[in-house]
Number of protein chains: 2
Amino acid sequence: METHRKGKTAVGRPRGFDAEEALERAMRVFWEQGYEGASLTDLTEAMGITRTSMYAAFGNKEELFRKALERYTEGPASYAARAAEEPTARDAATAFLTGSVRATTRPDSPAGCLGVQSALAAGGPGRNARDALIAWRNEGVAALRDRFVRAVDEGDLPPGADPGVLARYLMTVANGIAVQAASGATREELQPVADAALRDWPPA
Amino acid sequence: METHRKGKTAVGRPRGFDAEEALERAMRVFWEQGYEGASLTDLTEAMGITRTSMYAAFGNKEELFRKALERYTEGPASYAARAAEEPTARDAATAFLTGSVRATTRPDSPAGCLGVQSALAAGGPGRNARDALIAWRNEGVAALRDRFVRAVDEGDLPPGADPGVLARYLMTVANGIAVQAASGATREELQPVADAALRDWPPA
DNA sequence: CTCGTTCTGTACTGATCGATACGCAAGTAT
DNA sequence: ATACTTGCGTATCGATCAGTACAGAACGAG
């Protein structure tokens, strides 16, 4: 018994929709309305498919959310991974905050950050989604810390610098930017905030 | 016909519970589970009263939430108003961030900030709660800005300082601290973040 | 063609949502 | 004691929730 699709060998009725496109639509609904605020009706209407097709393709609401979060990480939030590849710690920090300002204030996307606002607090059924986002944010802090540990090694952060505090600090500011963007703050209002946050960055 | 209570002149059956105590319990449920995640059953069980009593005393879920937010402002979030009364802008900024670290990491209270996490994103029925919190956060920014306008006047901020950017910056960091606290960050991890955010504060 | 497999649409499940109708309990006022 | 007013408890409302059973539709294999 084979449950997974194996490349081009398609047997049975072919899918009548683009799964990537549908996931993109679902991601935006979660982004705008949050995990608990997004009903299956909201989701499937935006995805352009029926409940049955959604369950067949994605499992259930929770798995759909996890896949939407993955897509978010590789799409709108990909600036974070790119920032870590900058040559110096300062460049990485700058790219990270500037990227967060831009990603949370794109005119064609919901305001704010899916990883922050889609499940910050939740009741019983939403706990798993909330915990997934907590892990997601903490992974982000860990990635920044690793980058800054390397920076101390490479000498573009002073030996006394604390990579853990710097990483937590940057993620805190980025999270705050996401909240402010969800509150209606514009790109023009938030970029100076990001600049202010970086003004005291440790010199190499 | 008199619909409001008039002090001690109580006619009819007296209320069998303490409304302030019940509101305190409701506030904590909203704080932990968010507006949409807190069901009437969750709320009334925590409040120790029946649905009927809740509707009679507070109106409906949305009004209960608004009153819980007021109580939160005057209780756990009262550090914000106190910070504005500090003698200098620097003291105010320090008190504001330190207060936010302490309020979001109290061991006997839910982690994070009700004003951030109880309705950052929401679907249809929760929109009003979300909008109320957006206004609440923006009022906080405005209050900080007013304080820093005064500080420029009084000379404990340099003439070139931008009170609007400083206010937005502080609220952004505080919001980020709230998100980090909701992610499990401890007081010991967040206080250094607040310190880092204040390191570059404009000199008098 | 027929068969097996997979996807789609309708219609529905039990559970839970916020909110209420109604009758009784518990007070004050006369 | 009686009338009036208000809070409380039960039992329930229609709407919506996430999730599914089932039958037909659309494909490849034989």
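Just so it is clear: chains get the letters A, B, ... in the order the sequence lines come, proteins before strands, and each one is counted from 1.
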Q: Measure CD/B:Glu63 against P/C:dG18 and give the value in whole Å, please.
A: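 To the nearest whole Å, that distance equals 15 Å.
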Q: List the atom pairs, with distances to 0.1 Å, where a side-chain N or O of residues 110-126 of chain B and a protein N or O form a donor-acceptor pair under 3.5 Å, not counting sequence neighbours.
A:
unit_1   : atom_1 : unit_2   : atom_2 : d
B:Gln117 : OE1    : B:Cys113 : N      : 3.4
B:Gln117 : NE2    : B:Trp31  : O      : 2.9
B:Gln117 : NE2    : B:Ala111 : O      : 2.9
B:Ser118 : OG     : B:Leu114 : O      : 2.7

Q: Hey, mind stepping through A:Arg28 and A:Glu32 against salt bridge (charged side-chain N to carboxylate O under 4.0 Å, His left out) and telling me if it holds?
A: CA-CA 6 Å; A:Arg28 297 174 70 95; A:Glu32 273 190 312; over 6 Å; no
Q: Are any protein N/O atoms closer than 3.5 Å to N/O atoms in nucleotides 24-27 of chain C? If there are, list each pair with its distance.
A:
unit_1 : atom_1 : unit_2  : atom_2 : d
C:dA25 : N3     : B:Arg13 : NH1    : 3.2
C:dA26 : O4'    : B:Arg13 : NE     : 3.3

Q: Over how many whole Å does the gap from B:Phe65 atom CZ to C:dG18 atom P extend?
A: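 Going from B:Phe65 (CZ) to C:dG18 (P), I get 14 Å.
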Q: Pairs in or reaching into residues 126-153 of chain A: which pass salt bridge (Lys or Arg N to Asp or Glu O under 4.0 Å), with residues at least two apart or in two chains?
A: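 Every pair satisfying salt bridge (Lys or Arg N to Asp or Glu O under 4.0 Å) with a residue in residues 126-153 of chain A: A:Arg150-A:Glu154.
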Q: How many Å lie between CD on B:Glu62 and P on C:dC17, as a whole number?
A: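 One finds 18 Å between P of C:dC17 and CD of B:Glu62, rounded.
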Q: Applying salt bridge (Lys or Arg N to Asp or Glu O under 4.0 Å) as the test, list every pair that has at least one member in residues 74-85 of chain B; sequence neighbours left out.
A: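 Output for this query is empty, none listed.
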Q: In degrees, rounded to 10°, what is the bend between the two ends of the helix from C:dC1-D:dG30 to C:dT30-D:dA1, using five pairs at each?
A: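 That helix has its two terminal axes inclined by roughly 10°.
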Q: Donor-acceptor pairs are to be reported for all side-chain atoms of residues 192-199 of chain B against protein atoms at under 3.5 Å, with residues two or more places apart or in another chain.
A:
unit_1   : atom_1 : unit_2   : atom_2 : d
B:Asp195 : OD1    : B:Gln191 : NE2    : 3.0

Q: Which pairs with one or both residues in residues 46-64 of chain B pass salt bridge (Lys or Arg N to Asp or Glu O under 4.0 Å), sequence neighbours excluded?
A: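 For residues 46-64 of chain B, and leaving out neighbouring residues, the salt bridge (Lys or Arg N to Asp or Glu O under 4.0 Å) pairs sorted by first residue read B:Glu62-B:Arg66, B:Glu63-B:Lys67.
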Q: State which residues pass side chain to side chain contact (heavy atoms under 4.5 Å, CB included) with A:Ala57; sequence neighbours excluded, sorted by chain then number.
A: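 For A:Ala57, the residues satisfying side chain to side chain contact (heavy atoms under 4.5 Å, CB included) (neighbours in sequence not counted) are A:Arg15, A:Phe17.
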Q: Please enumerate all residues that pass ring pair (Phe, Tyr, Trp, His ring centres under 6.0 Å) together with B:Tyr169, with sequence neighbours excluded.
A: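 With neighbours one apart ignored, the set is empty.
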Q: A:Arg106: which residues meet the salt bridge (charged side-chain N to carboxylate O under 4.0 Å, His left out) condition with it, sequence neighbours left out?
A: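 A:Asp108.
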Q: Tell me, which of residues 36-58 of chain A have any heavy atom that sits under 4.0 Å from an atom in DNA chain C?
A: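 Correct list: A:Thr50, A:Thr52, A:Ser53.
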Q: To the nearest angstrom, how far is A:Arg15 atom CZ from D:dG28 atom P?
A: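 For the pair A:Arg15 CZ and D:dG28 P, the rounded distance is 16 Å.
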Q: Could you name each residue pair satisfying salt bridge (Lys or Arg N to Asp or Glu O under 4.0 Å) that touches residues 178-193 of chain A, not counting sequence neighbours?
A: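 Sorted result for residues 178-193 of chain A: A:Glu189-B:Arg168.
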Q: What is the separation between atom NZ on B:Lys61 and atom P on D:dA15, rounded to the nearest whole Å?
A: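 Result: 19 Å.
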Q: Decide yes or no on side-chain hydrogen bond (donor to acceptor under 3.5 Å, both in side chains) for A:Thr94 and A:Asp91, but give the supporting numbers first.
A: CA-CA 5 Å; A:Thr94 303; A:Asp91 290 338; 5.4 Å; no
